[in-house]
Colleague: 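Let me give you the structure first, and then I'll get to my questions.
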Amino acid sequence: MSIREVKVCLLGESGVGKSSIVMRFVTDSFKPALESTIGASFMSKKIAVDDQHYAFQIWDTAGQEKYRSLAPMYYRGAAAAIVVYDVSRDSTFKTVKDWINELKKNASHNIILAIAGNKCDLEDLREVSKRDAEEYASLINAIFIETSALNAVNVPELFMKIARSLPKEDMYSPRATSTLNLRHTQSKPKSGCCGGQSSPS
Amino acid sequence: MAGTKEEPVFHREKSPDDGPQSPTMLPWDRFSNWLYCACVVTFDLELGQAMELIYPSHVKLTDAEKANICYLSFPDSNSDLDFAASILGCMGDTQFNFRIRQSPGRKPGNKSFISINKELPVSIQGDNAHYCGFVYFRQTKDKSIRRGYFQKSVVLISRFPFVALFSELISILAPEYFDNGEPSLEAACHDIDQWPAPCSGETVNLPIFGTVLQVRIPSRSDKVLLGQVTNKSPVVPMIPAHVILPSLCEVDIFSGFQSILPHIQMMWELVLTGEPLVAMAASPSVTSSTVQALISLISPLKYCSDYRPYFTIHDSEFKEYTTKTQAPPSVILGVTNPFFAKTLQHWPHIIRIGEMMTQTPKGFNKLKKASSLKTLDSKPGVYTRYKPFLNKDKAILKRLIKNAILRRYFLEITQSFIIPLERYMASLMPLQRNISPHKSPPVLRPFDIEEFLKTVEHSGPQLTSGIKGDWQGLYQRFFRSSNFEGWYKFRQHEVNQKLQVLHLEAICEANLLDWIQDKQEVEIVDLILRIREKLTFATNNNLVVNMENVNKLQKHLQGIISSLPEDLQSVLKS
């Protein structure tokens, strides 16, 4: 059975729970006070959805403003972007719209957009209504789900939804042509001192 | 208010997916498995080259190290005029690498450095006396700066010569730094701090800036057979990588030598025998790829003398290496400063490499007398009076030359050269039956050059290589070089370690309690001391010694001691 590789990038304001969602998904655990992410963290996780295996390469970006300009490196070439907000902080939902606009402008055209309203366990403190968020998501044709990394609500479901939304035509094409570049083709300065052919085998 | 929730800062516990680690893993431990630090070097109008940033910030470099890194991160010049000229040669982005001596008194690498090194093939081991530097220099016109140019370098410093990997890494990292500044350097170093350790034989996934580099770490137990390299384990990528690096350290020797290809076999002899060599070119990226290609020609042998892919007049070792009061040292230097054409005029072998892209002038492949090289304007070629020991294999030059073919060709000659040495070394081993638990371990017979050369007559490289010539003469040269010394010391160490292990096993299997029945106390104490010696060896070489045997030894020791009179027991225990 072939494994489909999916690069996913998480974006969103500082403290909305991006790293907690990834930790819940990858190790099914929760830590109440994660230290804030520097740059980005990388994790991988394999799951099976509808008899198809997926290897998620997850880039969990830092929400702090000073890393904002690095984000394009992480969503570049991603199959999906998850923009996370905190249902108990309206300001974080406003930031979602900025991210979506940036992604529409700079990311690849067929990138799958997902919006995740995290901390849905904080019903008493809710500032963003589910209906508003759902409406916005359908308007921009994005996946929408409310999650709680703390209570393990809807986290794998988020990634399963993404898996099911991946364009079908890519599904059966050989992996090597869709995601694997054997040689780095990025333009390089005029040095001749790296790379090189592999040893004869 | 929910909106004011702040995230408290705690030390983050990594998930098990983060890779192999011990619970004592601290921030930057994993980073230092790969790199020593990253630096940014800038041009200050008052000070010249200056260190702008060192990351991680707790890393200490001595003033001498800083000065060397600063000078080696920029194009070299001996005057402002030259500087302007070399600048014009390096507009845009230039990538190269260098090597510096560590300041004396530095602590040797930590435990993890030692254990990584133990399994790596010798030719790519980390070095406790040198740092490798990987530079990405950017220069663009900028009217807002008084000098008129923006000039800055991002540099990675490492103890490991992973040339292919670190060149790729710096080419990803530096452009992002120039676009986004310090946070990107911080993010990159943080990414690297998540990398698994470079464990020999494993294929590692190295996430960096949204992509994953995948590379296999070569292992000492990779079988390097004639003409083929077989990996112990086939590459089974856990994650399909975005970028698969074909090799950790290999450089493209073909482009490194393009303009001096007809002399490449002579270069192999010069490098093998540790001759002083200097490569002159207009740009540090040319000199560094040439020097790296030179030292990799004799792989899997390790080049044991010093080499400097890029060397400047400001280098700490400038006087030491260019003095005319002594014979030129056994080193390989890459230089760009025209000043060296005069300074190194007395050197026996000078390689002058033209621009890689220009057509090589007619007659470039003629050997020239070194003294005829007066300036850097001289034609490309090899300036030497050296007469090669081996006949030139003209067939290789007529074939369509590609890097892979060249690499295979030199692997074959180097293997043909090593096999008789290895065979002779094996004949120096004591016989298994001479290993007795009641005697000291037998020792390796010394290497006798005359005796070895006699074996070359009937079973020398001519058996595996079609190349004719004076192989014995070449061996004699080689024996005077540090490459032989390095090879011999390493093999000797390996063999002695093996003998110690066999001896230890023999002691474990012996029935020592029976043996001591009719022995004098002196002999028994001797035995106890021998076992203790073995236990010390075991603690120092825990990778090659089986724990089960250590336990056996300890049991033996306790049994023997308790069989002795009490007064002696207490003496032995103290």
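Letters go in sequence order (proteins before strands), and every chain restarts at 1.
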Colleague: For a quick test of reading the model, state the closest non-hydrogen atom pair linking B:Ser184 to A:Leu70 and the distance between them.
Modeller: CB-CD2, 3.4 Å
Colleague: Name the region of B:Leu165, side chain, backbone, both or neither, that has any atom closer than 4.5 Å to a heavy atom of chain A.
Modeller: neither
Colleague: Tell me, with the steps shown, if A:Lys66 and B:Glu182 meet salt bridge (Lys or Arg N to Asp or Glu O under 4.0 Å).
Modeller: CA-CA 9 Å; A:Lys66 69 167 172 168; B:Glu182 201 178 329; over 6 Å; no
Colleague: Below 4.5 Å from any heavy atom of chain A, which atoms of B:Glu176 appear? Answer side chain, backbone, both or neither.
Modeller: side chain
Colleague: When you compare the side chain of B:Pro183 with that of A:Arg68, does any pair of heavy atoms fall below 4.5 Å?
Modeller: no
Colleague: Answer whether the closest heavy-atom distance between the side chains of B:Pro207 and A:Trp59 falls below 4.5 Å.
Modeller: yes
Colleague: Would you say B:Thr211 and A:Tyr74 make side-chain contact, with heavy atoms under 4.5 Å?
Modeller: no
Colleague: For the OG atom of A:Ser69 and the CG atom of B:Asp179, what is their distance to the nearest 0.5 Å?
Modeller: 9.0 Å
Colleague: Do you know which two heavy atoms are closest between B:His190 and A:Ile38, and how far apart they sit?
Modeller: CD2-O, 3.2 Å
Colleague: To check you understand the geometry: which heavy-atom pair defines the closest contact between B:Ala187 and A:Gly39, and what is its length?
Modeller: CB-CA, 3.4 Å
Colleague: State, with a plain yes or no, whether a side-chain heavy atom of A:Phe42 is found less than 4.5 Å away from one of B:Val212.
Modeller: yes
